[in-house]
Amino acid sequence: MTKSLFLGALTAVGLTAGAAGAATLDDVQARGHLNCGVNTGLVGFAAPDSNGTWEGFDVGVCRAVAAAVLGDPMAVEFVTTTGQTRFTALASGEVDMLARNTTWTFTRDNDLKFEFTGVNYYDGQGFMIPKELGVTSAKDLDGATVCIQTGTTTELNLADFFRVNNISYEPVPIETNAEAQQQYLAGACDVYTTDASGLAATRATFENPQEHVILPEIISKEPLGPLVRHGDNEWGDIVRWTLNALVAAEEYGITSANIDELAQGTNNPEINRILGTEGNLGEMIGLESDWAVNAIKAGGNYGELFERYIGESTPVGLSRGLNAQWTNGGLLYAPPFR
């Protein structure tokens, strides 16, 4: 009797927690659009085009989630956030998720009460300087003025690097990437430091990008990824598995060009489960069976998004490197869909 009462109590608690956990999903569906926090403007990752339509690698994650949840990749309101304001926007509920070049760290995950749902870009902090300065190593930057965004991990990494190497620097605090670019090009700082991908994206917008070099040192690990608030596990699962679907789609050869054909059914059970023709994975996270089909069709699989917005054929010009599939020597690895 006691055991059954105990199990009954656990069931009641579980049902209550499940109801509370569905809050963000319910809000997004009732609202009819996803509120996604993004960068104030970083070419290749998140920036409006000439028509004011947001596009980029991080934007692609937002659109995939909107497509999975609402069936419409355009049902997104993009909320611009700085390094200082992004966490307040998420914690307050102003945005449903962040996809904003944000590093997964212990304190952000625990002390700030956020839940990182995966990594969509494995990065590290670097340094950009004018080529005319003739500097070839970050260890030769003693006494340099450095533009650095406040409220970021780069502030702490910078202090650690200069301390370990017993050299000094003068920080020039900036709020946004646009301000950093302006200050750097105006000569207000000798060096700009941020994630290496951000440096490449910034340099791509310069009138003469070849006049600026990114030094070889990478001084930190910066696993960048989307995040949500603690306490809403169902919503976290939706964002996590949407990202996983994009990664898995590339591994299994599911593309924007062939997905409609594959969604009719294949002889590969994993592909069928991802695309909803076998099993009930969508039901498990409160979505339709074709949620992943919609997510992948929104902008293509992970590799398609990478090549379109930040790959080697774009002005940003990033190689896959650590962001290659595990089958190609990279770190990308989606858990099984089963």
Side-chain angles (χ1 to χ4, degrees), residues 25 28-29 34 55-76 97 99 116-122 223-226 228 233-311 313 319-338:
L25 175 60
V28 172
Q29 291 177 329
L34 173 74
E55 59 180 21
F57 189 62
D58 282 339
V59 165
V61 175
C62 300
R63 294 203 186 281
V65 172
V69 173
L70 300 168
D72 182 2
M74 301 306 289
V76 187
M97 60 178 285
F116 283 79
T117 58
V119 177
N120 73 323
Y121 193 90
Y122 290 93
L224 310 178
V228 298
N233 301 87
E234 183 177 12
W235 180 245
D237 287 340
I238 288 170
V239 177
R240 176 180 300 105
W241 284 96
T242 297
L243 176 57
N244 284 336
L246 301 182
V247 173
E250 182 183 20
E251 178 182 350
Y252 289 103
I254 305 168
T255 70
S256 55
N258 67 17
I259 191 168
D260 285 331
E261 179 183 352
L262 295 179
Q264 301 302 311
T266 73
N267 60 4
N268 185 318
E270 185 80 347
I271 292 177
N272 294 343
R273 286 190 291 267
I274 293 170
L275 301 184
T277 58
E278 286 186 27
N280 62 337
L281 299 188
E283 180 184 336
M284 293 181 189
I285 54 175
L287 301 180
E288 299 296 327
S289 60
D290 62 351
W291 66 277
V293 174
N294 292 332
I296 297 162
K297 288 178 72 169
N301 64 36
Y302 180 94
E304 290 178 282
L305 287 170
F306 193 104
E307 292 308 314
R308 180 181 307 124
Y309 293 117
I310 58 176
S313 63
S319 64
R320 288 293 291 266
L322 295 177
N323 297 289
Q325 288 281 338
W326 67 285
T327 50
N328 293 321
L331 297 179
L332 286 193
Y333 187 110
F337 281 76
R338 60 181 317 124

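We number each residue from 1, following the sequence as shown.
- Of the N and O atoms on the side chains of Asn272 and Thr266, at least one donor lies less than 3.5 Å from an acceptor on the other residue.
- In this structure, the side chain of Arg308 does not engage the main chain of Gly300 through any donor-acceptor pair within 3.5 Å.
- With Glu250 contributing its side chain and Val247 its backbone, the two residues share no donor-acceptor pair below 3.5 Å.
- Between the CG atom of Asp290 and the CD1 atom of Ile274 there is a distance of 14.5 Å, given to the nearest 0.5 Å.
- For the pair Asn268 (side chain) and Ile271 (backbone), a donor-acceptor distance under 3.5 Å is present.
- For the ring pair (Phe, Tyr, Trp, His ring centres under 6.0 Å) criterion with Trp241, the lone passing option out of Trp235, Phe337, Trp291 is Phe337.
- Put simply, the side chain of Ile310 reaches to within 4.5 Å of the side chain of Tyr121, judged on heavy atoms.
- Residues Leu25 and Leu287 meet the side-chain proximity criterion, which asks for heavy atoms closer than 4.5 Å.
- Residues Ala245 and Ala292 approach most closely at CB-CB, 4.2 Å, considering heavy atoms.
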- Task: Determine, step by step, whether Ile254 and Asn301 satisfy the side chain to side chain contact (heavy atoms under 4.5 Å, CB included) criterion, reporting the C-alpha distance in whole Å, the side-chain angles of both residues, the deciding distance to 0.1 Å, and the verdict.
- Result: CA-CA 7 Å; Ile254 305 168; Asn301 64 36; 5.7 Å; no
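- In this structure, Phe57 and Tyr302 have perpendicular ring planes: the angle between them is above 60°, well past the 30° mark.
- Contact between Gly60 and Leu305 at its shortest, heavy atoms only, is CA-CD2, 4.2 Å.
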- Task: List the steps, then state whether side chain to side chain contact (heavy atoms under 4.5 Å, CB included) holds for Val65 with Met97.
- Result: CA-CA 10 Å; Val65 172; Met97 60 178 285; 4.0 Å; yes
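- The side-chain heavy atoms of Gln264 and Thr277, taken from C-beta on, include no pair separated by under 4.5 Å.
- The two residues Phe116 and Arg240 come nearest to each other via the heavy atoms O-NH2, 3.9 Å.
- For the pair Asn120 and Gly225, the tightest heavy-atom approach, listed with the atom from each and the gap, is OD1-CA, 3.5 Å.
- The minimum heavy-atom distance linking Ala263 with Val293 is given by the pair CB-CG2, 4.3 Å.
- Across all their heavy atoms, Ala99 and Cys62 have their closest contact at CB-SG, 3.7 Å.
- Taking 4.5 Å as the limit, some side-chain heavy atom of Arg320 sits within range of a side-chain heavy atom of Glu307.
- A donor-acceptor contact shorter than 3.5 Å links the side chain of Thr117 to the backbone of Pro226.
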- Query: Stepwise, does the side chain to side chain contact (heavy atoms under 4.5 Å, CB included) test hold for Val69 with Leu34?
  - Reply: CA-CA 9 Å; Val69 173; Leu34 173 74; over 6 Å; no
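- No donor-acceptor pair under 3.5 Å is formed between the side chain of Asn328 and the backbone N or O of Gln325.
- Between atom CD of residue Glu234 and atom CD1 of residue Ile285 there is a gap of 8.0 Å, rounded to the nearest 0.5 Å.
- Inter-residue side-chain proximity for Glu304 and Leu246 is flagged as unmet; no heavy-atom pair is nearer than 4.5 Å.
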- Message: Run the side chain to side chain contact (heavy atoms under 4.5 Å, CB included) test on Ile296 and Leu275 for me, step by step, so that the C-alpha distance in whole Å, both residues' side-chain angles and the decisive distance to 0.1 Å come before the verdict.
- Response: CA-CA 9 Å; Ile296 297 162; Leu275 301 184; 4.2 Å; yes
